[in-house]
Protein chains: 2
Amino acid sequence: MYICFMSNSKLYKGSLTTIILKLLNENDRMYGYEITQKVKALTKGELNITEGALYPALHKLEAEGLLDVEVAKVDNRLRKYYKLTENGTKETVNKLEELAEYIKTMQALVNPKLA
Amino acid sequence: MYICFMSNSKLYKGSLTTIILKLLNENDRMYGYEITQKVKALTKGELNITEGALYPALHKLEAEGLLDVEVAKVDNRLRKYYKLTENGTKETVNKLEELAEYIKTMQALVNPKLA
DNA sequence: CAAATATACATAATTTTCTTATGTATAAGT
DNA sequence: ACTTATACATAAGAAAATTATGTATATTTG
């Protein structure tokens, strides 16, 4: 099964953390595979997160204290549920502000008439 | 003089090519330093392109045949004027479409209620 | 019932893109 | 004189992804 982080565009580079935090902010707790499926569904197949991108990103967020992990066994298969810590929730707010700022800035650059 | 590509956010990763192409699409020809100043002005200081990011990016676009370069000497100082090739103009359209798509996709992820 | 696909994790080598730090040189402002 | 601005360049390192594997169980399908 071939998975790639994005269709083609390099613009998604640097966006994965924002996406993960936001999804966890909405869904309380999620496991890795669930995140990939949710992203695929929400973007109608536009965005497919690679495992090689996702798992290291989750481990890093955990190491930074933004996520807590809880291991569970479902149907004899391993699942690692992630949820936001208090700091993780704060960081989510920051990341969403950064995204809004990014969009505003880029629009000022590519569409200066509207600025 | 301290210059950094962006305020703080990692979201700008992968955006530099789009920015360069769009500016050249609007201004016919520009030189590197001019691009940094234009970006600073358009974003009101929000975004400052580093030389370490800009010059390699320009060289790469030239190597890919998206930009043509013309060297000039102004006030006894060197300038390298860049302009879009035909392929560069086509690629600019692609990059702008990708940016619009990126924004749409990210909004679907962070604000699913509006999707 | 065998094979393929889906679920679920992980990591390692490599590439891309940027940061940070330098380096060179001239012009202009203080 | 000294600092800042203009104007280019590159090299070492970090960060974040791609691409390619690897392991293992469950489910679907021919």
Side-chain angles (χ1 to χ4, degrees), chain A residues 1-21 29-41 47-64 67 69-82 95 98 102, chain B residues 1-21 29-41 47-64 67 69-82 95 98 102:
Chain A
M1 182 168 42
Y2 184 67
I3 300 182
C4 75
F5 181 29
M6 38 86 201
S7 11
N8 236 310
S9 166
K10 287 165 191 164
L11 295 173
Y12 291 95
K13 261 178 203 297
S15 307
L16 184 53
T17 296
T18 304
I19 293 170
I20 293 171
L21 292 178
R29 70 172 206 168
M30 297 181 85
Y31 56 99
Y33 186 77
E34 187 184 11
I35 291 174
T36 67
Q37 300 309 300
K38 188 77 178 176
V39 167
K40 198 185 290 187
L47 195 57
N48 293 286
I49 297 178
T50 52
E51 295 155 301
L54 178 68
Y55 293 115
L58 287 171
H59 300 162
K60 194 181 175 225
L61 289 170
E62 191 197 345
E64 288 168 349
L67 300 185
V69 69
E70 202 184 311
V71 180
K73 200 148 196 176
V74 179
D75 288 331
N76 205 35
R77 259 196 254 101
L78 193 73
R79 274 189 196 169
K80 291 176 92 172
Y81 283 99
Y82 290 93
K95 289 291 180 192
E98 279 180 13
Y102 168 82
Chain B
M1 181 170 42
Y2 184 68
I3 300 182
C4 74
F5 183 29
M6 39 84 200
S7 8
N8 238 311
S9 166
K10 287 166 190 163
L11 294 173
Y12 291 95
K13 247 183 209 303
S15 308
L16 184 53
T17 296
T18 304
I19 293 171
I20 292 171
L21 292 179
R29 69 174 208 168
M30 299 181 85
Y31 55 99
Y33 186 75
E34 188 184 9
I35 291 174
T36 66
Q37 300 308 301
K38 188 78 177 176
V39 167
K40 198 186 288 184
L47 194 57
N48 293 287
I49 297 178
T50 51
E51 295 156 301
L54 179 68
Y55 292 115
L58 287 172
H59 300 161
K60 194 178 176 230
L61 289 170
E62 192 198 342
E64 289 169 348
L67 300 185
V69 69
E70 201 185 313
V71 180
K73 201 148 197 177
V74 179
D75 289 330
N76 206 34
R77 258 195 255 99
L78 193 74
R79 275 188 196 171
K80 291 175 92 174
Y81 282 100
Y82 290 93
K95 290 290 181 192
E98 279 179 12
Y102 169 83

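Throughout, a chain's letter reflects where its sequence line sits, starting with A, and its residues are numbered from 1. Not measured: the values here are computed from a predicted model.
Summarising the geometry, the separation between CD on A/Q37 and P on C/dT5 is reported as 16 Å, rounded to the nearest angstrom. Separating the OH atom of A/Y12 from the C1' atom of C/dC18 is a distance of 20 Å, rounded to the nearest angstrom. The interatomic distance linking B/I49 (CD1) with D/dA7 (P) rounds to 16 Å, in whole Å. Atom CG of B/L54 and atom C1' of D/dT10 are 13 Å apart (whole Å). Rounding to whole angstrom units, CD of residue B/E51 and C1' of C/dT24 are separated by 12 Å. Residue A/I19 contributes atom CD1, which lies 14 Å from atom P of D/dA16 at whole-angstrom precision. Remark: P of C/dA8 and CD of A/E34 are 9 Å apart, rounded to the nearest angstrom.
For A/Y31, the side-chain atoms get nearest to C/dC9 when compared with the rest of D/dC8, C/dT16, C/dC9. Side-chain atoms of B/T50 lie closest to C/dT20 of the nucleotides C/dT20, D/dA7, C/dT17.
Scanning residues 72-80 of chain A for heavy-atom distances under 4.0 Å to DNA chain D yields A/D75, A/N76, A/R77.
Residues B/T36 and B/T50 are not in side-chain contact: their nearest non-hydrogen atoms beyond the backbone lie 4.5 Å or more apart. Under the 4.5 Å side-chain criterion, counting only non-hydrogen atoms from C-beta, A/Y102 is in contact with A/L11. In this structure, A/I19 and A/L47 have side chains that are in contact, with non-hydrogen atoms separated by less than 4.5 Å.
Counting all heavy atoms, side chain and backbone alike, B/Y81 lies closest to B/Y31 at CE2-CD2, 3.5 Å. Here the closest non-hydrogen pair linking A/P56 and A/E51 is CD-O, 3.7 Å. Looking at every heavy atom in both residues, B/L58 comes nearest to B/G32 through CD1-CA, 4.1 Å. Minimum heavy-atom separation, A/E34 to A/R29: OE1-O, 4.2 Å. Nearest heavy-atom pair, A/E98 versus B/K10, reported as atom, atom and distance to 0.1 Å: OE1-N, 4.4 Å. Across every non-hydrogen atom of B/Y82 and B/H59, the tightest pair is OH-CD2, 3.8 Å.
When the side-chain nitrogen and oxygen atoms of A/K13 are compared with OP1 and OP2 of D/dA15, none of them lie within a distance under 4.0 Å. Side-chain nitrogen and oxygen atoms of B/H59 include none within less than 4.0 Å of the OP1 or OP2 phosphate oxygen of D/dC8. Phosphate contact (OP1/OP2 of D/dC8, side-chain N/O of B/Y55, threshold under 4.0 Å): present.
Taking for each of B/Y82 and A/K60 the nucleotide of DNA chain D with the nearest heavy atom, the 5'-most of the two is the partner of B/Y82.
Counting non-hydrogen atoms under 4.0 angstrom, A/G32 reaches the backbone sugars and phosphates but no base.
Defining each end axis of the helix from C/dC1-D/dG30 to C/dT30-D/dA1 as the rotation carrying four pairs' C1' atoms onto the next four, with five pairs an end, the two axes are found to diverge by 20° to 10 degrees.
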